[in-house]
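My questions all concern the structure below.
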Amino acid sequence: VYLPIYREIRDKACMNIEGWLRFRLEKYKVLLGDILEQFVADYVAKKDVVSFIRLLREATLLAVPLEEVIHIVYSKEGKAQLINKESLNVTGYYIRKYCKELLLDSTLTREDLILHVLITISPKNLVVHHAEYMKNKPFINTLEIIFGECMTYCEGCSICSGRNEY
């Protein structure tokens, strides 16, 4: 609003403020109305997502864990792998076992499938390794919300030091 008023004053010796506000400000009202409408829609959508994630958290807390501990190990390329307590890469196994129908949906990412697997197996402990390589921060944020205190970040172990390759 400031720039159009400035230009009007700069270009003309006088300005009819009442007329300017009545006719020129109308487009700003419409624009602000659109922005407000979009803001409300985004807020409602975000609120629904947060409610859904909290519901997932409650479900995982009540579920019987199929694994005691699962490690999420990120490669330098940012690819996440699921490793069990026996140090076996179980990513493919669990995706094939629990995501058969989801594999047909081309819009889902690998992290979507991993999230589905983690919710299904509900590990008691979830340990993230090489978090510096992750490319999708919202994925980890979602895991933190769902798994809460059950999720930790490794600060150095045989996996992180490179003795185990996945």
Side-chain angles (χ1 to χ4, degrees), residues 1 28-166:
V1 174
Y28 292 105
K29 286 181 185 177
V30 171
L31 181 63
L32 287 173
D34 290 346
I35 291 170
L36 182 60
E37 191 175 301
Q38 184 61 48
F39 175 78
V40 170
D42 291 348
Y43 174 77
V44 169
K46 188 172 186 173
K47 187 176 154 190
D48 289 345
V49 167
V50 169
S51 296
F52 180 68
I53 289 174
R54 286 191 179 131
L55 179 66
L56 286 175
R57 179 185 177 140
E58 290 177 27
T60 57
L61 290 174
L62 296 174
V64 175
L66 299 179
E67 291 277 358
E68 186 72 27
V69 63
I70 286 288
H71 302 270
I72 301 177
V73 181
Y74 279 93
S75 67
K76 289 181 180 176
E77 296 78 33
K79 186 176 177 184
Q81 300 288 334
L82 299 178
I83 310 300
N84 68 8
K85 68 180 178 183
E86 287 84 26
S87 297
L88 297 173
N89 184 339
V90 292
T91 313
Y93 168 74
Y94 279 133
I95 287 175
R96 285 188 302 279
K97 184 171 182 175
Y98 296 117
C99 302
K100 285 180 188 174
E101 65 283 347
L102 298 177
L103 290 171
L104 302 174
D105 186 346
S106 62
T107 62
L108 294 178
T109 65
R110 178 180 179 81
E111 288 169 332
D112 292 330
L113 299 174
I114 287 174
L115 178 60
H116 180 76
V117 165
L118 290 172
I119 291 168
T120 303
I121 64 175
S122 300
K124 277 189 179 180
N125 296 299
L126 187 61
V127 184
V128 178
H129 301 265
H130 293 299
E132 68 274 14
Y133 296 138
M134 80 177 109
K135 294 181 180 175
N136 187 353
K137 277 281 207 201
F139 172 69
I140 289 295
N141 294 341
T142 302
L143 289 179
E144 287 174 349
I145 293 167
I146 293 172
F147 291 96
E149 309 82 43
C150 299
M151 183 174 155
T152 58
Y153 291 89
C154 180
E155 296 178 8
C157 67
S158 62
I159 294 172
C160 292
S161 64
R163 286 180 269 179
N164 293 328
E165 280 297 317
Y166 299 102

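Note: hydrogens, waters and symmetry copies are ignored here, and every other heavy atom, side chains too, is used. Computed from a prediction, not measured in an experiment: that's the story for all the values here.
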Worksheet item: Are the side chain of His129 and the backbone N or O of His71 linked by a donor-acceptor pair below 3.5 Å?
Response: no
Worksheet entry | Tyr133 versus Tyr74, closest heavy-atom pair with distance |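 Distance-wise, the nearest heavy atoms are CD1-O, 3.6 Å.
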Worksheet item: For Glu155, what residues pass the salt bridge (charged side-chain N to carboxylate O under 4.0 Å, His left out) criterion, not counting sequence neighbours?
Response: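 Not a single residue meets the salt bridge (charged side-chain N to carboxylate O under 4.0 Å, His left out) criterion with Glu155.
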Discussion item. In the structure I gave you, are the side-chain heavy atoms of Ile72 and Met151 within less than 4.5 Å of one another anywhere?
Written reply: no
Worksheet item: If you look at every heavy atom in Val90 and Ile70, which pair is closest and at what distance?
Response: CG2-CD1, 4.2 Å
Discussion item. Tell me whether the count of non-hydrogen atoms from other residues, nucleotides or ligands lying under 6.0 Å of CD in Glu101 goes above 12.
Written reply: yes
Discussion item. Return the OH to OG1 distance between Tyr94 and Thr120, rounded to the nearest 0.5 Å.
Written reply: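 Rounded to the nearest 0.5 Å, the OH-OG1 separation comes out at 10.5 Å.
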Item to complete: Check the surroundings of atom OH in Tyr153: do more than 12 heavy atoms from other residues, nucleotides or ligands lie under 6.0 Å from it?
Response: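 Yes, because the 6.0 Å sphere around OH of Tyr153 holds more than 12 heavy atoms from other groups.
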Worksheet item: Are Ser75 and Glu77 close enough that a side-chain donor and a side-chain acceptor fall under 3.5 Å?
Response: yes
Item to complete: For the residue pair Thr152 and Asn125, establish whether any side-chain heavy-atom pair is separated by less than 4.5 Å.
Response: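 In short, these two side chains do not touch, never coming nearer than 4.5 Å.
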Worksheet item: Counting N and O atoms only, with roles assigned by atom type, does the side chain of Asp48 sit under 3.5 Å from a partner on the main chain of Ala45, one being a donor and the other an acceptor?
Response: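 No, because the side chain of Asp48 does not come within donor-acceptor range (under 3.5 Å) of the backbone of Ala45.
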Worksheet item: CG/Leu118 to CG/Leu66 distance, rounded to the nearest 0.5 angstrom?
Response: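 Rounded to the nearest 0.5 Å, the CG-CG separation comes out at 11.5 Å.
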Practice prompt. Measure from the side-chain N and O atoms of Arg110 to the backbone N and O of Ala80, and report whether any donor-acceptor pair falls under 3.5 Å.
Written response: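 Checked: pair present.
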Fill in: Taking every non-hydrogen atom, the tightest pair across Ser122 and Phe147
CA-CE2, 4.5 Å
Worksheet item: Got a second to check how far Ile146's CD1 is from Leu126's CG, nearest 0.5 Å?
Response: 10.0 Å
Worksheet item: When rounded to the nearest 0.5 angstrom, what distance separates CG in Leu108 from CG in Leu103?
Response: 8.5 Å
Item to complete: Could you tell me whether the side chain of Thr91 and the main chain of Leu82 form a donor-acceptor pair under 3.5 Å?
Response: yes
Item to complete: Could you check Gln38 against Asp42 for side-chain hydrogen bond (donor to acceptor under 3.5 Å, both in side chains), going step by step and ending with a plain yes or no?
Response: CA-CA 6 Å; Gln38 184 61 48; Asp42 291 348; 2.7 Å; yes
Worksheet entry | 4.5 Å side-chain heavy-atom contact, Glu132 and Met134 |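 No - every pair of side-chain heavy atoms lies 4.5 Å or more apart.
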Worksheet item: Under 4.5 Å between any side-chain heavy atoms of Tyr93 and Asn84, yes or no?
Response: no
Worksheet entry | Beyond-backbone contact of Leu115 with Ile119, side-chain heavy atoms, under 4.5 angstrom |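 The answer is yes, as the side chains (C-beta and beyond) meet within the 4.5 Å cut-off.
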